[in-house]
Amino acid sequence: MTDPFSLSETDAPAPQPGGIAARARAAAGGRRYLDGLNPEQRAAVEAIDGPVLVLAGAGTGKTRVLTTRIAHILAEGRARAHEILAVTFTNKAAREMRDRVALLAGPVGEGMPWLGTFHAISTKILRRHAELVGLKSSFTILDTDDQIRLLKQVLKAEDIDDKRWPARSLAYQIDAWKNRGLDPAHVPAGEAAAFANGKGGRLYALYQERLKILNAADFGDLLLETLRLFKENPDVLKQYQDRFKYMLVDEYQDTNTVQYLWLRLLAQGRHNVCCVGDDDQSIYGWRGAEVDNILRFESDFPGAKVIRLERNYRSTGHILAVAAGLIAHNQGRLGKTLFTDDEAGLMPTVTGVWDSEEEARGIGEEIEQLARKGHAYDEVAILVRASFQMREFEERFITLGLPYRVIGGPRFYERAEIRDALAYLRCVAQPADDLAFERIYNTPRRGLGESTLQQLHEYGRLQRVPLIEAARFMIETDEIKPKQRQALRDLLANFSRWASLIGEKPHGELTEMILEESGYTDMWRKDRTAEAAGRLENLKELVRAMEEFPDLAAFLEHISLVMEAETKDAGPRVSIMTLHAAKGLEFETVFLPGWEEGLFPHQRSLDESGRAGLEEERRLAYVGITRARRRAKIYFATNRRIHGLWQTTIPSRFLDELPPDHVEVVEAATGAAYGGYAQSRFANMDSFGSTYGTPGWRRAQRRTEETRAESGASSGGGFARKTSQRGPMQIEGELIAKSSASSAFAKGARVFHQKFGYGAVAAVDGNKLTVDFDKAGRKMVLESFVEAKG
DNA sequence: AACTTGTGATTTTTT
DNA sequence: ATCACAAGTT
């Protein structure tokens, strides 16, 4: 709360607390917004011409630099608000930036039409030139649900077993291609062939065709089609290059390939592009983010200035030291060293507990203790690696009566009832919206099933008309059974009646009427499950939210890209969220449970991405620690239930990587935690002191641990032996052995796999093999799962 | 068309 | 263990 960057000091017209010089500048009508910036921040703000990369470590005032830079450009008269492009990843970030610019620069800031997410800005551009990419400017934006429904249809039409080739995976694959800027024609042949026995590329192409027929774009298209628009229409590109005199990009480390290409095209105009980011906080590689974009910036944009923000205004000394010590284990980083003038403060703690239940209990107690000392609940957060960890905390907090809230979870507009309600509105307002129609045509139940829908599809395809129109025709024929025909007729009559009321009735009321008359709200009222009441609440909230828009069309336009969940706050609460959701936030006290091998770093991340995966996990740990202002409290459990089975776990390797001089190891209340394996490891942390620090020593230590455990002398006997032989040793072996040495398998080698049978190695990537299996097709497998077959 | 049983998957998440 | 989803059954 004592944020030295609090904006109030810069927006108030009152005399500044900034000393004589500052006051003199203010009196001279000077650039007060620059006051209080440190030299690096100021350099980042003032270097407005040419490409600039601002490497902004956690808590170094990144958003402040971005917003002040915009204010500076405006104040200097270098560009007007509509000539600045400012891109963020999330709506939340965009909103925050807009608000803060408004505080600095006044109402001009609010009028920035090109401040928004990549997707929102792309949509805006695309609607203006839609016909150039084969869409109408009224195109609808499909979300993931619609996308999957459509893909299922494509798979069915191609007669592909969607059990073996799920629509979900195809959606994921297509998304990945789009993230990399690949349209169907440019997907590498090998990758296109990998899905559904060679049909992947064709399915992608068919899906794109269907999208065009439906006049729809999915999220990936918004970027990819804009890119295509720019590439195929140099005049259009030129127009935007000229328009955007200055460009700013937030969270540059999260850009994927399309976004990078999109930016580069635009930046080729005036070269005034400023990217702000932190390679150490890149945690979205799994959804296409390319850390390389930030690592390559200087070569991509020749003559670029690179400015490092390393002065941290958030955390105390020990916390920063621990974060720095951990992240130093990553290779492939640009390298920054955060420092602070703040006190050393409390050391982060590491606490071992017996199991996840004790973990929840212990953390609950610590929070209660803090609360008794007067700490606010909303200054405490629990950051988990995976969402299943949340439940145990929730249960514990409910019994304790400790107020908490879970951040993340299903977003408001993704909830079934909201999507259903929206589908009704889409059917009424945009009668060509087949996907919306399919969604609600039998919701609530009105006796319409698969076979009737099939008939409508058939006619629709034949006549090239949307489903609703097909239905209008079909109800006049005998082809549909009487009962179904009547149900359809009623539904269509309702659609028409509601449609005629658009513009007549306020859209909020109209929506209520639709939900009432369609029987939709009744459906939930009759539902006696626990969630039903909440769903009705959400529908009310939806109506309330839409009333803030001038009309239905405006609401529908916004809904697909920006719709925020509500939650009016009922007092201060402890926040429970994933580490990913915590990026950009900060708390006085942060609890970091579950630091165990397999969970954190997550096994799957290691399996799928090897060393890169491990480094991303480490960055995630870094993000977690740097959320804390004054207290960071790490926990690990010796036993954890995974998929219903209790498993013995060993402490995360990240714990070993924390600088011992800055960490306090806490004995768990029960003492149980230090039985077994945990003991040997953490006892070392104290007794070995500084020797402990070298990576080589640690690796050696880990290799000998097995031996030591087997002797049973120093640590917990049989218990330790059992754990040391499992899982994590493999991880270690794999990572250390395989990252340096090359694979034992060569391209073309014949191999055998327990599940997929015989096959030939098509490619080798470290410990991962791409194998063409005789029966199962192309798969990527870990080397350790196949054996050589001559 | 609605209900029942069986199968498989189960990190992270925005737009 | 648990849940979602899909095929099989009534």
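All chains are named by letter (A, B, ...) in the order of the sequence lines, taking the proteins before the strands, and each is independently numbered beginning at 1.
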Distance check: side-chain N/O of A:Arg445 vs OP1/OP2 of B:dA1, anything under 4.0 Å? no
Under 4.0 Å between any heavy atoms, over every strand shown, what does A:Lys152 touch: base, sugar-phosphate, or nothing? Just pick one. sugar-phosphate
Any side-chain to backbone donor/acceptor pair from A:Ser605 onto A:Pro601? Under 3.5 Å, distance only. no
Could you give the distance separating C:dT2 and B:dT13 at their P atoms, to the nearest angstrom? 23 Å
With salt bridge (charged side-chain N to carboxylate O under 4.0 Å, His left out) as the test, pick out the partner of A:Asp420 among A:Arg426, A:Arg415, A:Arg439. A:Arg439
If I take atom CG in residue A:Leu645 and atom P in nucleotide C:dT2, what distance separates them, rounded to the nearest angstrom? 12 Å
Can you tell me if A:Ser609 uses its side chain to pair, donor with acceptor, with the backbone of A:Leu606 under 3.5 Å? no
Nearest-Å distance for atom pair NZ/P, residues A:Lys92 and B:dT15: 10 Å
For the side chain of A:Asp279 and the backbone of A:Arg333, is there at least one donor-acceptor N/O pair under 3.5 Å apart? no
To the nearest angstrom, how far is A:Asp161 atom CG from C:dA7 atom C1'? 12 Å
Starting at CG of A:Leu151 and ending at P of C:dC5, how long is that distance when rounded to a whole Å? 16 Å
Report the distance from atom CZ of A:Arg168 to atom P of B:dT10, rounded to the nearest whole Å. 10 Å
Using OP1 and OP2 only, check whether a side-chain N or O of A:Gln484 sits under 4.0 Å from B:dA1. yes
Report the distance from atom CD of A:Gln647 to atom C1' of B:dT10, rounded to the nearest whole Å. 13 Å
Would you call the rings of A:His580 and A:Trp286 parallel, tilted or perpendicular, where under 30° means parallel and over 60° means perpendicular? perpendicular
Mind calculating the distance between CG (A:Asp145) and P (B:dT15) to the nearest angstrom? 16 Å
Value rounded to 0.5 Å, distance of CG in A:Leu383 from CD1 in A:Ile576: 10.5 Å
With heavy-atom distances below 4.5 Å as the criterion, would you say the side chains of A:Gln389 and A:Thr578 are in contact? no
With the criterion being N/O to N/O and under 3.5 Å, what pairs connect the protein with nucleotides 11-14 of chain B, and how long is each?
{"from": "B:dT11", "atom 1": "OP1", "to": "A:Arg604", "atom 2": "NH1", "distance (Å)": "2.1"}
{"from": "B:dT11", "atom 1": "O4'", "to": "A:His602", "atom 2": "NE2", "distance (Å)": "3.2"}
{"from": "B:dT11", "atom 1": "O2", "to": "A:Arg385", "atom 2": "NH1", "distance (Å)": "2.8"}
{"from": "B:dT11", "atom 1": "O2", "to": "A:Arg385", "atom 2": "NH2", "distance (Å)": "2.3"}
{"from": "B:dT11", "atom 1": "O4", "to": "A:Glu608", "atom 2": "OE1", "distance (Å)": "3.2"}
{"from": "B:dT12", "atom 1": "OP1", "to": "A:Ser387", "atom 2": "N", "distance (Å)": "2.6"}
{"from": "B:dT12", "atom 1": "OP1", "to": "A:Ser387", "atom 2": "OG", "distance (Å)": "2.2"}
{"from": "B:dT12", "atom 1": "O4'", "to": "A:Arg385", "atom 2": "NH1", "distance (Å)": "3.3"}
{"from": "B:dT12", "atom 1": "O2", "to": "A:Trp286", "atom 2": "NE1", "distance (Å)": "3.3"}
{"from": "B:dT12", "atom 1": "O2", "to": "A:Arg385", "atom 2": "NH2", "distance (Å)": "3.2"}
{"from": "B:dT13", "atom 1": "OP1", "to": "A:Thr578", "atom 2": "OG1", "distance (Å)": "2.5"}
{"from": "B:dT13", "atom 1": "O4'", "to": "A:Arg287", "atom 2": "NH1", "distance (Å)": "3.3"}
{"from": "B:dT14", "atom 1": "OP1", "to": "A:Arg411", "atom 2": "NH1", "distance (Å)": "3.0"}
{"from": "B:dT14", "atom 1": "OP1", "to": "A:Arg411", "atom 2": "NH2", "distance (Å)": "3.1"}
{"from": "B:dT14", "atom 1": "OP2", "to": "A:Arg411", "atom 2": "NE", "distance (Å)": "2.9"}
{"from": "B:dT14", "atom 1": "OP2", "to": "A:Arg411", "atom 2": "NH2", "distance (Å)": "2.3"}
{"from": "B:dT14", "atom 1": "O4'", "to": "A:Arg287", "atom 2": "NH1", "distance (Å)": "3.4"}

So A:Leu599, base contact, sugar-phosphate only, or nothing? Heavy-atom distance under 4.0 Å. nothing
Can you measure A:Leu223 atom CG to B:dT15 atom C1' for me and round it to whole angstrom units? 8 Å
